[in-house]
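For reference, the structure is listed below as structure tokens.
Quick note: numbers below take in every heavy atom, side chains included, and nothing from hydrogens, waters or symmetry partners.
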2 protein chains.
Amino acid sequence: MRIGELAERAGTSARSLRYYEAHGLIEARRGANGYREYDESDLRLVREIRSLLDIGFALEETRPFVDCLRAGNDTGSVCPGSIAVYRHKLAELNGCISRLEAVRDRLRGELAEAITQAG
Amino acid sequence: MRIGELAERAGTSARSLRYYEAHGLIEARRGANGYREYDESDLRLVREIRSLLDIGFALEETRPFVDCLRAGNDTGSVCPGSIAVYRHKLAELNGCISRLEAVRDRLRGELAEAITQAG
DNA sequence: GTAAACCTTGACACCGGTGTCAGGGCCAGC
DNA sequence: GCTGGCCCTGACACCGGTGTCAAGGTTTAC
């Protein structure tokens, strides 16, 4: 299939696919006319990338998953590199949540005080 | 005081102060030489801005607080506009935390599964 | 009188993924 | 053979606050 079809089936844009390619995450055979040519396995790769991006991964962090899929594994998450990224991301997420909760608590206090004073 | 001193006392940079000024949050008298000249009330404004930015407010969201202080109130948070921003920010924060928690839970599940499969 | 430290404005860079446009080639259907 | 739709590459814009540089004027301390 060509880039437009791949984009549509993967729920993204041709622009983004070219971007992923420029960053070495996917690659494409080229037809005689220079058009990119993809198959079903490429669709799997892109879907893996998209689902990770959707939950807040940076593009670069999807690389181990993509490599893992390319290596012939059924899912992109069973390789040590992917698991390490999972762990790292989970820790990052926990830190982020903690920080936000701290800010929220502080904000709640300040709001309560402001209301009291404005009362 | 001049911009360098204000920046230091407020814990920021001259660059940032000029940026706040360009966006209408603070203003400065000018000396005969063209240098910006500030007083203690400006320091209060900038400290208000900084503390709000530090907890994740956008610069634009600090405006009601600055206006509130300028209007002669003891704190920037007692005015209706400021309280509205507080509420909005709190709701935003709660939404953000919920989303991150959902992602975290999903990530935990996927990590557990990946580890199982990787054996 | 001079060097260092400060100030001025204006401008570019960053980050990261995407939209969008320009200018051009390719192809299918009519 | 023409039109519309797809594709190509390259490039600029965005967001938001800050760093940093250039090229110049001012003040301060020695």
Side-chain angles (χ1 to χ4, degrees), chain A residues 1-39 42-43 45-66 85 88-89 92 96 99 103, chain B residues 1-39 42-43 45-66 85 88-89 92 96 99 103:
Chain A
M1 81 197 84
R2 294 187 308 197
I3 198 168
E5 185 182 342
L6 178 60
E8 180 155 5
R9 290 179 65 188
T12 182
S13 65
R15 172 73 179 88
S16 293
L17 294 181
R18 295 193 193 103
Y19 184 77
Y20 305 157
E21 178 183 301
H23 287 253
L25 285 163
I26 59 178
E27 46 191 289
R29 291 156 300 290
R30 295 294 183 127
N33 53 13
Y35 287 10
R36 290 172 178 82
E37 201 51 49
Y38 302 96
D39 58 28
D42 295 312
L43 178 58
L45 292 188
V46 175
R47 286 195 168 140
E48 182 88 20
I49 293 172
R50 292 304 306 178
S51 69
L52 291 170
L53 287 185
D54 285 348
I55 61 176
F57 279 53
L59 188 58
E60 199 48 48
E61 293 171 327
T62 70
R63 194 177 299 274
F65 296 80
V66 173
V85 170
H88 177 260
K89 209 67 192 170
E92 192 178 290
C96 191
R99 256 181 295 115
V103 169
Chain B
M1 81 196 87
R2 294 187 309 199
I3 198 170
E5 185 182 344
L6 178 60
E8 180 155 5
R9 290 179 64 189
T12 182
S13 65
R15 172 74 179 86
S16 294
L17 295 181
R18 295 193 193 101
Y19 185 77
Y20 305 156
E21 179 182 302
H23 287 253
L25 286 163
I26 59 178
E27 43 191 292
R29 292 159 300 291
R30 296 295 183 126
N33 51 17
Y35 287 12
R36 290 170 178 83
E37 199 54 49
Y38 302 96
D39 59 28
D42 295 311
L43 178 57
L45 292 189
V46 176
R47 284 196 169 139
E48 183 88 19
I49 294 171
R50 291 306 305 178
S51 70
L52 291 171
L53 287 185
D54 284 348
I55 61 177
F57 279 52
L59 189 57
E60 200 49 46
E61 294 171 326
T62 69
R63 194 178 297 275
F65 295 81
V66 173
V85 170
H88 176 260
K89 209 66 191 171
E92 192 179 292
C96 190
R99 257 181 294 117
V103 169

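Using a 4.0 Å heavy-atom distance criterion, Thr12(B) is classed as making no nucleic acid contact. At the heavy-atom level, Ala58(B) lies under 4.0 Å from the strands shown only through sugar-phosphate atoms. Using a 4.0 Å heavy-atom distance criterion, Arg2(A) is classed as a sugar-phosphate-only contact.
Leu17(A) places its CG atom 16 Å from the C1' atom of dT9(D), with the value rounded to the nearest Å. Rounded to a whole Å, the CD atom of Glu5(A) is 12 Å from the P atom of dC6(D). Atom CG of Asp54(A) is separated from atom P of dG17(C) by 12 Å (rounded to the nearest Å). Summarising the geometry, the separation between CD1 on Ile55(A) and P on dG17(C) is reported as 14 Å, rounded to the nearest angstrom. Between the CG atom of Leu53(B) and the P atom of dC15(D) there is a distance of 18 Å, rounded to whole Å. Following rounding to the nearest Å, Leu25(B) (CG) and dT18(D) (P) show an atom-to-atom distance of 11 Å. Distance, Arg50(A) CZ to dG17(C) P: 10 Å, rounded to whole Å.
Regarding contacts with the backbone of dG17(C), every side-chain N or O of Ser16(A) stays at 4.0 angstrom or more from both OP1 and OP2. Using a 4.0 Å cut-off, no side-chain N or O of Tyr19(B) falls inside it from OP1 or OP2 of dT18(D). The shortest distance between the side-chain N/O atoms of Arg18(B) and the OP1/OP2 oxygens of dT20(D) is not below 4.0 Å. Listed pair Arg30(B) / dT26(D) fails the phosphate criterion, with no side-chain N or O lying under 4.0 Å from OP1 or OP2.
For Glu92(B), the CD atom is densely surrounded, since the number of other residues' heavy atoms within 6.0 Å is greater than 12.
DNA chain C lies under 4.0 Å from at least one heavy atom of each of the following residues of residues 31-39 of chain B: Gly34(B), Tyr35(B), Arg36(B).
Residues Ala7(B) and Ala14(B) approach most closely at CB-N, 3.6 Å, considering heavy atoms. Counting all heavy atoms, side chain and backbone alike, Leu53(B) lies closest to Ala58(B) at CD2-C, 3.9 Å. Minimum interatomic distance between Leu45(A) and Leu25(A) (heavy atoms only, all atoms of both residues): CD1-O, 4.5 Å. Taking every heavy atom of both residues into account, Tyr38(B) and Glu21(B) meet most closely at OH-OE1, 3.9 Å.
Between the side chains of Arg50(B) and Tyr20(B), at least one donor N or O sits under 3.5 Å from an acceptor N or O.
Side-chain proximity of Tyr20(A) to dC7(C), dT18(C), dC8(D): nearest is dT18(C).
Note that CZ of Arg63(B) and CD1 of Ile49(B) are 9.0 Å apart. Values are rounded to the nearest 0.5 Å.
For Arg15(B) against dT20(D), a side-chain N or O and a base N or O form a donor-acceptor pair under 3.5 Å.
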